[in-house]
Amino acid sequence: VDYALRFDGDNDHIIIDEEIPRFNGGISITARINSPDTSGIQFITMMGDYGWGLYINNGMISYSSEYSISRHPTSNMSITENVWTEVTVQIEEGVSGQFYIDGVPAGNISSDEASIPQGDFGSNDCYQSGEDCDELLIGRMGAGCDCNYFTGMIDHVTISNDENSLNWGFLEGEGAVTYDDMNQYQGDINGASWVMPDGTIVAQAVQLFPDQELFDITGQPGDQLLFFIEVEEYTRGLFIDAYIEYYDWDDWGTSNFDAY
């Protein structure tokens with residue numbers, strides 16, 4: 001079964017806190033994405049603290065070649081919203097690079113822009129926190145900035161060169177972790193939902209327990225969420241309360257759900 005992960009653009013992401021190989025000499029980043037809104041800056045993946053990465057840049061595709069986003073190379077073609085699209089950047093370090101959208105060349109990258117930052121910039125956030133900030137992120141910008149989250153679905157991410165190849169195909173379809181295809185690198189899923197390629201959520205039954213509350217249930221229009229409870233023998237009555245929690249009074253009454 002072909003699964004994907006859906007990211008809400010707010011705080012959903014995957015973090016791979018493993019010893020990721022260094023990519024020197026060249027790098028190729030490919031992802032299959034489907035976004036309902038390609039405006040703004042939306043990172044598909046980024047290495048560490050302002051390292052190499054690939055992202056949506058107001059409908060175009062950009063490559064993270066250095067600290068300053070304004071200096072990043074950008075494709076000369078845009079992607080289409082609500083359509084599965086394969087996006088790729090290929091870099092030969094210090095020589096040149098190329099963007100591809102669905103296999104079609106989508107812009108050249110000059111030798112000055114064909115760098116491969118390793119994600120060890122040393123930003124203030126990382127310096128002040130004392131953290132290593134060397135994780136690989138999918139669905140948001142790197143460790144140096146809790147920002148620029150991706151909105152939409154990602155089906156796979158491949159990062160490779162002549163020496164290394166990492167591929168996350170999101171084959172599990174359930175759970176809070178995902179592994180690369182070689183089962184070497186674990187990614188912890190934070191908030192992103194398992195979906196089918198058409199965007200329908202993969203229904204996973206969640207067990208409820210007496211006198212326990214379940215918080216932070218999220219979903220998109222059309223999602224079907226399954227819950228169950230084991231009823232003890234001789235039970236004469238059962239009551240389940242469900243409600244929507246609003247954090248802003250102005251949002252009151254803007255959401256609803258049906259329970260069966």
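Everything numeric in this text was worked out from a predicted model, so none of it was measured.
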| query | Considering the options Ile41, Ile69, Asp146, which one meets the side chain to side chain contact (heavy atoms under 4.5 Å, CB included) requirement together with Met141? | reply | Ile69
| request: Report the C-alpha distance between Ile109 and Val89 in whole Å, list the side-chain angles of each, state the deciding distance to 0.1 Å, and finish with yes or no for side chain to side chain contact (heavy atoms under 4.5 Å, CB included). | output: CA-CA 9 Å; Ile109 297 173; Val89 63; 3.7 Å; yes
| task | Is it possible for you to say whether Leu166 and Ile138 belong to one hydrophobic cluster, with membership spreading through side-chain heavy-atom contacts below 4.5 Å? | result | yes
| Just by distance, with hydrogens left out, do Ser160 and Ser165 show a side-chain donor and acceptor under 3.5 Å apart? | no
| request: Check whether any side-chain N or O of Glu86 sits under 3.5 Å from a backbone N or O of Asp102 as a donor-acceptor pair, and report yes or no. | output: no
| remark: Taking every heavy atom of Met196 against every heavy atom of Asp2, the minimum-distance pair comes out as CE-O, 4.1 Å
| note | Shortest non-hydrogen pair, Trp84 vs Ala4, comes out as CH2-CB, 4.0 Å
| remark: Between Gln118 and the options Asp49, Ile20, Asn24, the side chain to side chain contact (heavy atoms under 4.5 Å, CB included) test singles out Asn24
| field | Asp162, CG: over 12 other non-hydrogen atoms inside 6.0 angstrom | value | no
| Gap separating the CG atom of Asn161 from the CD atom of Glu92, nearest 0.5 angstrom | 11.5 Å
| message | Please identify which of these residues, Thr178, Ile14, Val177, meets the side chain to side chain contact (heavy atoms under 4.5 Å, CB included) condition with Gln186. | response | Val177
| Looking only at atom types and distance, does a side-chain atom of His156 sit under 3.5 Å from a main-chain N or O of Ile154, one as donor and one as acceptor? | no
| How about Glu230: does its CD atom have over 12 heavy atoms from other parts shown lying under 6.0 Å from it? | no
| query | Around atom CD of Glu245, are there more than 12 heavy atoms of other residues, nucleotides or ligands at under 6.0 Å? | reply | yes
| Heavy-atom pair with the smallest gap, counting every atom of Arg22 and Asn164 | O-ND2, 3.6 Å
| In Å, rounded to the nearest 0.5 Å, how long is the span from CD1 of Ile44 to OG of Ser35? | 9.0 Å
| task | Measure from the ring center of Tyr55 to the ring center of His72 and say whether it is less than 6.0 Å. | result | yes
| query | Between the side chains of Ser65 and Ser115, is a donor N or O closer than 3.5 angstrom to an acceptor N or O? | reply | no
| task | Using modelled atom types only, decide if a donor and an acceptor are shared between the side chain of Thr38 and the backbone of Glu81 within a distance under 3.5 Å. | result | no
| field | For Ala106 against Gln98, the heavy-atom pair lying closest together | value | N-NE2, 3.6 Å
| query | With a 4.5 Å heavy-atom cut-off, do Val195 and Thr200 have their side chains touching? | reply | no
| query | Between the side chains of Ser39 and Asp37, is a donor N or O closer than 3.5 angstrom to an acceptor N or O? | reply | yes
| request: Of all the heavy-atom pairs spanning Ser75 and Met60, show the shortest one and how long it is. | output: OG-CB, 3.6 Å
| query | Quick one: does Leu171's side chain get under 4.5 Å of Asp181's, heavy atoms only? | reply | yes
| request: Output, in order, the C-alpha distance, side-chain angles, deciding distance and verdict of side chain to side chain contact (heavy atoms under 4.5 Å, CB included) for Thr158 and Thr88. | output: CA-CA 9 Å; Thr158 300; Thr88 298; over 6 Å; no
| Ion pair Asp12/Arg6, N-O distance below 4.0 Å | no
| task | Verify side chain to side chain contact (heavy atoms under 4.5 Å, CB included) between Thr151 and Tyr149, making sure each step is shown before the conclusion. | result | CA-CA 7 Å; Thr151 300; Tyr149 286 84; over 6 Å; no
| Between the side chains of Ser110 and Glu113, does any donor sit under 3.5 Å from an acceptor? | yes
| task | Determine the interplanar angle of the Tyr3 and Trp194 rings, folded into 0 to 90°, and report it as parallel if under 30°, tilted if 30 to 60°, perpendicular if over 60°. | result | perpendicular
| Test salt bridge (Lys or Arg N to Asp or Glu O under 4.0 Å) applied to Glu66 - qualifying residues, sequence neighbours left out | Arg71
| query | Does the Arg140 side chain pair with the main chain of Cys145, one donor and one acceptor, at a distance under 3.5 Å? | reply | yes
| task | Check whether any side-chain heavy atom of Val87 lies under 4.5 Å from a side-chain heavy atom of Ile33, and answer yes or no. | result | yes
| Can you find a side-chain donor-acceptor pair between Asn167 and Asp180 that sits under 3.5 Å? | no
| Any side-chain donor paired with an acceptor under 3.5 Å for Ser70 and Ser68? | yes
| said: A side-chain contact here means heavy atoms from C-beta on lying under 4.5 Å apart; do Phe43 and Leu137 qualify? | reply: no
| field | Tyr185 to Ile16 - nearest heavy-atom pair and separation | value | CB-CG2, 4.1 Å
